[in-house]
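Reviewing the structure listed below.
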Amino acid sequence: MRRLIRPANIPDTEGPVDGEPFYMLQQFKLDSSQDPVYFRSFDVLPPSDAVGLLSGEDQTGLVPWEGTLRMLQWMRARNFITTACLNASSVVVVELGCGCGMGSVGVAGMVECSDPCVLESTSNVTPPWHIVASDGNHECVALANRNADLWKSHHPSSKHVMSITAVPYVWSQDDVAPLLRSVVDGACVIVAAGDVIYCPEMVQPLFDAILEISNRATSLDGIRVSSVRIVFMFVPRSLTSATNQSIYESILLRLRQMCSTGSERTWIGRLFPLSDSDSSTVESTTWCAGEGVPFDGAPLSHTACLIDMSFVVAGT
């Protein structure tokens, strides 16, 4: 991951302040055609530091994680920005467990460097993008907002990203209304989460939050969204293989339940697993190609994978 994330190639005009955390100014590029995306964070922590931190002083979100980069890679490789604009009056991205906000500024960077002609041709107008990062840790929210402001300072005249901000949100506990304030008629709502699960107890709250957001988005007074899409990257990083397997099986169970014919709405989705060779180098994007596999055909043993799910609202 450190080969993609590097110290920023611009001067850092902000120095350390006594008594305050100092976040390193860094950058990443998903490919050679993209401008650098700048953000601040602590240095990388070992994965073991994330185990058992469901409550208390969980600082793991203040560093970048591989799963977020993998999620952005997949979006970039599959032209996600363009497809999200299809038949949408606007696009609202809600990032869950945003940590330092690298995922949200990464999406903003992809939107900004996409071909304007392609974006405009998908809906005959330039669809505005609104990006809302969220996290249950207030320090993460503050850092994500700082990184959102950093992105805006480098793109003061963006024609596509109308807003990017961060708000506090604890999965399946807090009201989702602040996450959906920018939703308008005909909008596409995207819920994104990268590398946010590291123990089995987190699976249910995450999926409860996903369902609550999607249900609220489709029941707003006087507003009919065009579609809801979920993009979620899972990277096994618990200390034991048994725990990773338990997490993976719990995720697959929830996915299959959501896509079953007896569920409230019909979701469709695919799973994109990383092979061992893909997992060995973060630069590899071969796993992003192809059509993925249905959830019923997912690998039996736990593996890093991206989940892409969506449903189209009837009548739009």
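It should be emphasised that the depicted structure is a prediction, and the values quoted were computed from it without experimental measurement.
With sequence neighbours left out, the ring-ring contact (aromatic ring centres under 6.0 Å, His included) criterion links F272 to W74.
With hydrogens and angles left out, the side-chain atoms of T240 and T243 include a donor and acceptor closer than 3.5 Å. A side-chain N or O of N9 and one of Y38 form a donor-acceptor pair less than 3.5 Å apart.
Among all heavy-atom pairs drawn from V293 and A298, the shortest one is CG2-CA, 4.1 Å. Here the shortest heavy-atom pairing between D185 and G222 reads OD1-O, 4.2 Å.
Linking Ile, Leu, Val, Met, Phe, Trp and Tyr whenever their side-chain heavy atoms come within less than 4.5 Å leaves V141 and L150 in two separate clusters. When the side chains of ILVMFWY residues are joined at heavy-atom separations under 4.5 Å, either directly or via intervening members, I190 and V184 end up in two distinct hydrophobic clusters. Note on V196 and M202: same hydrophobic cluster, where clusters join Ile, Leu, Val, Met, Phe, Trp and Tyr whose side-chain heavy atoms are under 4.5 Å apart, directly or indirectly.
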Please set out all donor-acceptor pairs under 3.5 angstrom arising from side-chain atoms of residues 161-170, sequence neighbours excluded.
| residue | atom | partner | partner atom | Å |
| --- | --- | --- | --- | --- |
| S163 | OG | H130 | ND1 | 2.7 |
| T165 | OG1 | N145 | OD1 | 3.3 |
| Y169 | OH | S172 | N | 3.4 |

Verdict with reasoning, E249 to R254, per salt bridge (charged side-chain N to carboxylate O under 4.0 Å, His left out): CA-CA 9 Å; E249 290 176 356; R254 293 302 301 264; over 6 Å; no

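With hydrogens and angles disregarded, a donor-acceptor distance shorter than 3.5 Å links the side chain of R270 to the backbone of G292.
A salt bridge links R40 and D12; the closest N-O separation between the charged side-chain nitrogens and carboxylate oxygens is under 4.0 Å. R78 and D308 are not joined by a salt bridge, as no carboxylate oxygen comes within less than 4.0 angstrom of a charged side-chain nitrogen. With salt bridges taken as basic N to acidic carboxylate O contacts below 4.0 Å, none links D149 and R146.
Sequence neighbours left out, the pairs with a member in residues 284-301 that pass salt bridge (charged side-chain N to carboxylate O under 4.0 Å, His left out) are R256-D296.
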